[in-house]
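Inspection log for the structure reproduced underneath, given as structure tokens.
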Amino acid sequence: MEHAGEHVTDGQTLVAGVDSSTQSTKIVVCDAETGAVVRTARAPHPDGTEVHPDRWWDAFEQASSGGILDGVAAVAVGGQQHGMVALDETDAVVRDALLWNDTRSAQAAGDLTDELGGPSAWVDAVGLVLVPSFTVTKLRWLAQHEPENAARVARVVLPHDWLTGRILQQGNGFEQWTTDRGDASGTGYWSAATGDYRPDLLERAFGRDLAVPRVLQPYEAAGHTSDGMLVAAGTGDNMGAALGLTLHPGDVVVSLGTSGTVFTPHRSAIRDETGAIAGFADATGHHLPLMCTLNAARVLTAAASMLGVDLAELDRLALQASPGAGGLSLLPYLDGERTPDLPDATGTLSGLTRSNSAPENLARAAVEGMLCNLVAGVDALRAHDVAVDRVLLIGGAAASRAVREIAPGLFRAPVVVPAPAEYVGVGAARQAAWALSGEQDPPTWSLDVDSEYAVAAGDAEAHAAVVARYQDLLGRTHGGA
Ligand SMILES: Nc1ncnc2c1ncn2[C@@H]1O[C@H](COP(=O)(O)OP(=O)(O)O)[C@@H](O)[C@H]1O
Ligand SMILES: O=C(CO)[C@@H](O)[C@H](O)COP(=O)(O)O
């Protein structure tokens with residue numbers, strides 16, 4: 001548990017954002033007018049792909065135990081997307097929540113896809129090609145594999161919905177379960193294109209109807225705590241990050257946390273039958289086309305562990321090697337993979353020879369392999385005529401010097417690293433300030449840039465060869481999934 005804070009001036013209106021993501025809860029408190037971060041705290045979550053929501057509450061209580069929320073006028077929660085929080089008639093949790101990175105519902109995803117008539121039928125219905133991450137597939141798994149638990153389920157909510165409701169339940173502020181467009185769009189039973197639930201798809205998956213949370217408008221309050229703090233709608237963590245960054249047309253965000261994501265705000269829904277891009281909604285009333293990988297920052301920790309070095313040394317080694325790591329490639333599917341849809345895949349180290357078997361090449365291959373998976377997402381956006389003028393790098397692994405210096409060549413775009421901040425939490429805080437203001441648009445907050453990295457002269461061809469080699473290896477190893 002960590003706390004940090006700066007002096008708060010009299011008369012400042014404070015708003016808070018909670019990032020309840022896979023590995024931890026982060027809380028940021030911001031000046032409602034400027035967005036300046038004045039307090040931060042974090043607390044860890046247990047590892048795993050299924051977690052009881054009470055652990056998220058424990059982490060929230062730990063992170064807020066030092067008074068970080070004192071004097072805060074409004075709060076919002078940005079949460080890891082897609083998690084299945086199954087509640088009974090008394091709103092008690094029926095079983096541990098299956099998280100976005102749990103792949104046990106892979107067969108359910110395939111069955112539901114076939115039942116509706118193929119990937120394009122689901123894209124037409126809810127803008128998604130089903131993968132195990134999406135909530136609807138987890139409901140099918142629950143109905144098929146835990147019928148006794150399924151019989152007790154009265155309602156299904158998402159992680160950010162549950163934490164929002166739990167905060168309100170601390171007083172008399174809870175009236176109903178709520179969610180927002182952004183997080184609802186990742187369930188597989190709500191459509192960003194129409195703004196409506198698809199109860200027919202939920203019933204197809206689970207076998208009967210279930211209660212679902214009300215979808216609030218982006219600026220709408222979910223309620224107030226007993227001491228009067230406004231609790232805003234909240235959203236999914238990537239939608240929160242997009243709201244926390246001051247994005248301009250041509251900006252594409254690459255987030256390197258537990259998940260790797262590529263996303264950009266878009267005025268219309270993008271339709272992608274390949275499944276590379278999910279047609280999510282954002283937290284402002286528009287859309288957030290997004291690609292997500294299961295493997296990101298933890299590929300680097302795994303490589304560091306294999307080499308017996310820390311992350312700083314892994315960076316130094318990776319930058320000591322040349323582009324292409326001497327021909328060594330790592331397909332980084334260490335936890336299976338979501339995009340490409342390879343839930344049972346494992347990592348593949350390829351091209352190992354006596355001449356390239358050196359620590360620096362393994363370090364470089366880990367960075368290049370992790371990033372090349374996300375290059376596919378950036379190129380998928382380009383294939384949908386999305387301009388990629390610069391890449392904004394956020395998430396824990398954005399702190400990696402090797403990632404920052406290698407990314408521009410692989411993404412074929414300059415990389416901008418915003419000043420280190422928990423942008424999911426900042427975005428949630430900005431939503432809280434918006435709900436508090438009663439205005440039509442969110443407050444204008446500035447974005448500080450920490451550093452910028454250009455495509456290194458002369459390396460463009462070498463980086464292009466790396467990307468091509470990874471595409472070839474994917475095809476040879478997994479049939480071009
Ligand atoms: N300097 C660094 N280099 C590489 N990875 C890092 C660095 N600092 C933190 N990380 C990684 O970032 C991850 C946490 O990022 P974060 O965005 O908070 O994850 P999440 O939001 O998914 O919980 C951890 O896996 C951690 O190892
Ligand atoms: O499933 C997705 C996006 O579709 C993930 O991005 C989760 O939302 C988890 O995010 P992090 O814990 O990696 O921030």
Side-chain angles (χ1 to χ4, degrees), residues 2 18-26 28 40 42-47 49 51 56 59 78-84 98-103 127-129 131-135 137-138 158-160 182-183 185-188 235-242 244 253-263 275 277-281 288-305 309-316 318 334-335 338-339 363 366-367 370-371 374 377 393-404 406 417 420-425 427-428:
E2 304 160 25
V18 180
D19 173 9
S20 178
S21 56
T22 311
Q23 294 187 57
S24 61
T25 287
K26 284 84 80 174
V28 297
T40 62
R42 70 185 299 148
H45 291 168
D47 195 4
T49 65
V51 176
W56 303 329
Q80 58 181 305
Q81 295 179 244
H82 317 304
M84 178 186 71
L98 295 185
L99 306 187
W100 68 279
N101 54 358
D102 189 283
T103 58
L128 307 176
V129 172
V131 289
S133 283
F134 299 153
T135 326
T137 71
K138 301 177 192 299
L158 297 164
H160 113 257
D183 225 355
S185 66
T187 58
T235 190
D237 55 0
N238 294 290
M239 295 81 192
V253 180
V254 172
S255 175
L256 300 175
T258 310
S259 69
T261 55
V262 176
F263 56 85
I277 299 292
F280 294 154
L288 195 77
L290 180 143
M291 181 265 202
C292 177
T293 66
L294 269 173
N295 300 278
R298 294 191 293 192
V299 174
L300 305 186
T301 45
S305 172
V309 300
D310 63 15
L311 290 170
E313 179 61 9
L314 184 81
D315 274 350
R316 192 192 65 77
L334 310 187
D335 287 310
R338 164 166 158 185
T339 315
V367 176
M370 184 268 285
L371 287 174
L374 293 155
L393 206 52
I394 63 170
S400 158
R401 195 162 59 85
V403 166
R404 293 178 174 196
I406 295 170
V417 182
E422 292 299 340
Y423 282 99
V424 174

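First listed ligand is number 1; within each ligand, the first listed atom is number 1. Along the sequence shown, residues carry numbers from 1.
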Show me a pair-per-line table, with atom names and distances to 0.1 Å, of protein N or O atoms that are under 3.5 Å from an N or O of ligand 2.
residue  : atom   : partner : partner atom : Å
ligand 2 : 1 (O)  : His82   : NE2          : 3.3
ligand 2 : 1 (O)  : Arg338  : NH1          : 2.8
ligand 2 : 4 (O)  : His82   : NE2          : 2.7
ligand 2 : 4 (O)  : Arg338  : NH1          : 3.2
ligand 2 : 4 (O)  : Arg338  : NH2          : 2.8
ligand 2 : 6 (O)  : Asn238  : ND2          : 2.9
ligand 2 : 6 (O)  : Ser259  : OG           : 2.9
ligand 2 : 8 (O)  : Gln81   : N            : 3.0
ligand 2 : 8 (O)  : Asp237  : OD1          : 2.8
ligand 2 : 8 (O)  : Asp237  : OD2          : 3.2
ligand 2 : 10 (O) : Asp237  : OD2          : 2.7
ligand 2 : 10 (O) : Ser259  : OG           : 3.4
ligand 2 : 12 (O) : Thr22   : N            : 3.0
ligand 2 : 12 (O) : Thr22   : OG1          : 2.4
ligand 2 : 13 (O) : Ser259  : N            : 2.8
ligand 2 : 13 (O) : Ser259  : OG           : 2.6
ligand 2 : 14 (O) : Asp237  : OD2          : 2.8

Quiz item: Does Val51 reach the side chain of His45, with side-chain heavy atoms less than 4.5 Å apart?
Solution: no
Quiz item: Does any non-hydrogen side-chain atom of Val309 lie less than 4.5 Å from one of Arg316?
Solution: no
Exercise. Might you point out which heavy atoms bring Leu374 and Val262 nearest each other, and give the distance in Å?
Key: O-CG2, 3.6 Å
Practice problem: Give the numbers and elements of all ligand 1 atoms closer than 4.0 Å to a heavy atom of Leu311. | Solution: 2 (C), 3 (N), 4 (C), 5 (N), 6 (C), 7 (C)
Self-check item: atom 23 (O) of ligand 1: the protein heavy-atom neighbour that sits closest, reported with distance to 0.1 Å
Solution: Ser21 OG, 2.9 Å
Quiz item: What atoms in ligand 1 come closer than 4.0 Å to a heavy atom of Gly395?
Solution: 17 (O)
Quiz item: What distance separates Asp183 CG from Asn238 CG, expressed to the nearest 0.5 Å?
Solution: 9.5 Å
Quiz item: Among protein heavy atoms, which lies nearest atom 1 (N) of ligand 1, and at what distance?
Solution: Ala399 CB, 3.6 Å
Self-check item: Protein heavy-atom partner closest to atom 7 (C) of ligand 1 - residue, atom, separation in Å
Solution: Gly396 O, 3.4 Å
Quiz prompt | Proximity flag Lys26 to ligand 1, non-hydrogen atoms under 4.0 Å | solution = yes
Quiz item: Tell me, which protein residue and heavy-atom name are nearest atom 25 (O) of ligand 1, and how many Å apart are they?
Solution: Gln23 NE2, 3.2 Å
Quiz item: Looking at side-chain heavy atoms only, is the closest gap between Leu311 and Thr301 below 4.5 Å?
Solution: yes
Exercise. Taking the side chain as every heavy atom from C-beta outward, state whether Val403 and Leu256 have any atom pair closer than 4.5 Å.
Key: yes
Quiz item: Side-chain donor-acceptor pair under 3.5 Å between Ser21 and Asp237, yes or no?
Solution: no
Quiz prompt | Protein heavy-atom partner closest to atom 22 (O) of ligand 1 - residue, atom, separation in Å | solution = Thr258 OG1, 2.6 Å
Quiz item: How far is atom 27 (O) of ligand 1 from its nearest protein heavy atom, and which residue and atom name does that atom have?
Solution: Thr301 CG2, 3.3 Å
Quiz prompt | Protein contact of atom 13 (C) of ligand 1 - nearest heavy atom, named by residue and atom, plus distance | solution = Ala297 CB, 3.7 Å
Quiz item: Atoms of ligand 1 less than 4.0 Å from Arg298 heavy atoms?
Solution: 25 (O)
Practice problem: Evaluate the criterion side chain to side chain contact (heavy atoms under 4.5 Å, CB included) for residue pair Trp56 and His160; output intermediate values, then yes/no. | Solution: CA-CA 10 Å; Trp56 303 329; His160 113 257; over 6 Å; no
Quiz item: Is it the case that Ser400 and Asp315 place a side-chain donor and acceptor less than 3.5 Å from each other?
Solution: yes
Quiz prompt | Ring geometry between His82 and Phe280 (parallel below 30°, tilted from 30 to 60°, perpendicular above 60°) | solution = tilted
Quiz item: Going by heavy atoms in the side chains, are Trp100 and Lys138 under 4.5 Å from each other?
Solution: no
Quiz item: In the protein, which heavy atom is nearest to atom 3 (N) of ligand 1, and how far is it?
Solution: Ser400 CB, 3.6 Å
Quiz item: Is any heavy atom of the protein nearer than 4.0 Å to atom 11 (C) of ligand 1?
Solution: yes
Quiz prompt | With sequence neighbours excluded, residues passing ring-ring contact (aromatic ring centres under 6.0 Å, His included) with Phe263 | solution = none
